[in-house]
Amino acid sequence: MKRRTLLKTVGLTAGALATGSLPALAAAEQAAHNKNKKLALTVAHITDVHIRPGDNAPERFKNCLKQVIDQHEPDFFLNGGDSINDASYDNVVRNQVTEQWAIWDDCLKQIGKYEIYSCIGNHDPWWKAPEKTDEMYGKDYVVKRLKIPNRYYSFSKKNWHFIILDGNNSKISLDEEQYKWLEQELEKLPAATPTVIMSHYPILGTTQVLVGGGHSDAKKLKDLFYKHRDKVKICLSGHNHLSDHTTYNGVLYCCNGAMSGFWWGKGDAESAGTGYYLETPPGYAVLKLYADGTIENTYYPHTF
């Protein structure tokens, strides 16, 4: 390679690292490899929207959703939780919770006919309701607002199966009831059924080494996924606002950043750019799911 070409290549790589677009470049190579395969589904994964009034967050989020639809034409959306900015802090009162959910509902009008399948984030439940019997207390109200069937559930599209988990339990884990359900869910699937698993929190990966926030039952889940390694293809997460792709035992673990980036703010001294959390810009992911069970997960930064 000529020196000029080498320097140009190095410069492009450095630029990709600076803008957070390197995963998209890597995915482009995989896409070229997969060009002759049959695409089953295109799925948008958004997470950690943290919607709230202020900083023009609602309009910015609507613009992000329009970009996802216009540029990627997904079949449906997966929402990884922390949909609203916060209902979990001690000083949050009822009208703040209802205001945030009302903004969420208004923003989702942007995606119109598209289905959205959500999981519960740690900032979504209001634990400081006056009484546990209050209809807005805890996870049940979040299930209602997100229009999901349960705090954990599953569904199928084309030849792919999707499992949505609730890690909002002791030490970030699956409760015993949910774990037994997950065991049974994977066991009853026909052999080689390609499966996507989504939790708000990372199960395995690099991000929890840097900032914590990962599943405490990661080894238990890893063992279960290894038992069903012909089925489990990818585990999606958010929570840490960082982008990370880790492959272990043939399972791809993707922490897909945050739509809100630095909570819709400009950042702090550790932000690599405006709106970044550490080195990760605000963004979303698009998954390409193929009929043969292979998968691409590409992270797309946004500038809204």
Side-chain angles (χ1 to χ4, degrees), residues 44-68 77-111 116 118-129 134-148 151 166-168 172 198-202 207 211-213 237-243 255-268 270-271 274-278 280-285 301-304:
H45 179 223
I46 65 173
T47 187
D48 295 86
V49 175
H50 287 278
I51 201 61
R52 59 176 174 81
D55 288 318
N56 203 28
E59 289 305 313
R60 292 161 70 188
F61 178 39
K62 290 178 184 179
N63 287 332
C64 291
L65 291 174
K66 185 176 186 301
Q67 176 177 301
V68 174
F77 286 75
L78 292 173
N79 167 37
D82 282 359
S83 302
I84 62 172
N85 188 52
D86 189 76
S88 66
Y89 292 152
D90 288 349
N91 60 343
V92 174
V93 295
R94 188 183 303 274
N95 69 321
Q96 291 175 292
V97 179
T98 55
E99 178 186 37
Q100 291 174 68
W101 282 117
I103 296 172
W104 171 260
D105 291 342
D106 180 64
C107 288
L108 286 197
K109 293 176 182 177
Q110 185 69 46
I111 65 176
I116 182 166
S118 301
C119 68
I120 301 172
N122 57 297
H123 288 290
D124 295 326
W126 188 37
W127 299 113
K128 292 298 179 180
D134 191 302
E135 66 169 352
M136 289 179 60
Y137 173 81
K139 299 180 192 178
D140 288 346
Y141 183 71
V142 180
V143 167
K144 177 181 176 181
R145 294 312 300 248
L146 291 175
K147 298 180 175 65
I148 55 179
R151 63 187 179 92
D166 169 26
N168 298 284
I172 305 180
M198 180 171 71
S199 177
H200 177 62
Y201 307 91
T207 67
V211 297
S237 68
H239 185 62
N240 285 347
H241 291 225
L242 299 174
S243 175
C255 184
N256 278 325
M259 182 68 85
S260 64
F262 197 86
W263 297 268
W264 301 107
K266 293 182 178 180
D268 61 13
E270 294 187 290
S271 299
T274 302
Y276 283 51
Y277 180 55
L278 299 181
T280 297
Y284 57 89
H302 72 74
T303 56
F304 297 110

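The first residue in the sequence is number 1, and the count goes up from there.
Taking NE2 from H200 and SG from C119, the interatomic distance works out to 7.0 Å, rounded to the nearest 0.5 Å. Rounded to the nearest 0.5 angstrom, N56 CG and E59 CD are separated by 6.0 Å. With values rounded to the nearest 0.5 angstrom, I172 atom CD1 is found 7.5 Å from N122 atom CG. Separating the CE atom in M259 from the CG atom in L65 is a distance of 5.5 Å, to the nearest 0.5 Å.
Partners of K144 by salt bridge (charged side-chain N to carboxylate O under 4.0 Å, His left out), not counting sequence neighbours: none found. Applying the side chain to side chain donor-acceptor pair (under 3.5 Å) test to N63 and every residue at least two apart in sequence or in another chain returns nothing. Residues that satisfy the ring-ring contact (aromatic ring centres under 6.0 Å, His included) test with H45, not counting sequence neighbours, are absent from this structure. Looking at residues two or more places apart in sequence or on another chain, you find no ring-ring contact (aromatic ring centres under 6.0 Å, His included) involving F262. By the salt bridge (charged side-chain N to carboxylate O under 4.0 Å, His left out) test, D140 is found to be paired with no residue, residues two or more places apart in sequence or in another chain being considered. Residues forming a ring-ring contact (aromatic ring centres under 6.0 Å, His included) with Y284 (at least two apart in sequence, or on another chain): H72, Y300. Residues passing the salt bridge (charged side-chain N to carboxylate O under 4.0 Å, His left out) test with D48: none are found, sequence neighbours excluded. By the side chain to side chain donor-acceptor pair (under 3.5 Å) test, D134 pairs with R94, sequence neighbours left out. A search for side chain to side chain donor-acceptor pair (under 3.5 Å) contacts involving T207 returns N240, not counting sequence neighbours. In this structure D90 satisfies the salt bridge (charged side-chain N to carboxylate O under 4.0 Å, His left out) test together with K128, sequence neighbours excluded. Under the rule for a side chain to side chain donor-acceptor pair (under 3.5 Å), the partners of S83 that lie at least two apart in sequence or sit in another chain are N79. Take R151 and apply the side chain to side chain contact (heavy atoms under 4.5 Å, CB included) test, not counting sequence neighbours, and it matches I120, K139, V143, D166, N169, D175, E177, Q178.
Inter-residue side-chain proximity for D268 and Y277 is flagged as unmet; no heavy-atom pair is nearer than 4.5 Å. Looking at heavy atoms from C-beta onward, F61 lies out of side-chain contact with K66 at the 4.5 angstrom threshold. Side-chain contact between R60 and H302 is absent, with no heavy atoms from C-beta onward closer than 4.5 Å. Side-chain atoms of E99 and P53, non-hydrogen and from C-beta on, do get closer than 4.5 Å to each other. Using a 4.5 Å heavy-atom threshold, the side chains of L278 and V211 count as touching. Inter-residue side-chain proximity for P58 and I103 is flagged as met; some heavy-atom pair is nearer than 4.5 Å. Using a 4.5 Å cut-off on side-chain heavy atoms (C-beta onward), H241 and H50 make contact. The shortest side-chain heavy-atom distance between Y89 and D86 falls under the 4.5 Å cut-off.
The two residues P202 and G213 make their nearest non-hydrogen contact at CD-O, 3.5 Å. Here the shortest heavy-atom pairing between T280 and L242 reads OG1-CA, 3.5 Å. Scanning both residues, I148 and S118, for their nearest heavy atoms gives CG2-O, 3.6 Å. Shown here for L146 and W104, the closest heavy-atom pair between the two residues is CD2-NE1, 4.1 Å. Among all heavy-atom pairs drawn from V49 and S260, the shortest one is O-CB, 3.3 Å. Listed here is the closest heavy atom pair of Q67 and F304: OE1-CE1, 3.1 Å.
Under a 3.5 Å cut-off, the side chain of D105 and the backbone N or O of A102 do not form any donor-acceptor pair. For the pair S271 (side chain) and Y276 (backbone), a donor-acceptor distance under 3.5 Å is present. Between the D124 side chain and the D82 main chain, a donor and an acceptor come within less than 3.5 Å of each other. Proximity of a side-chain donor or acceptor of Q110 to a complementary backbone N or O of C107 within less than 3.5 Å is not detected.
Comment: K266 does not engage D55 in a salt bridge, judged by the lack of any side-chain N to carboxylate O separation of less than 4.0 angstrom.
In summary, the side chains of T98 and N95 do not present any donor paired with an acceptor at a separation below 3.5 Å, with no hydrogens or angles considered. Judged purely by distance below 3.5 Å, without hydrogens or angles, the side chains of H123 and N85 never pair a donor atom with an acceptor atom.
The aromatic ring centres of W126 and Y141 sit 6.0 Å or more apart.
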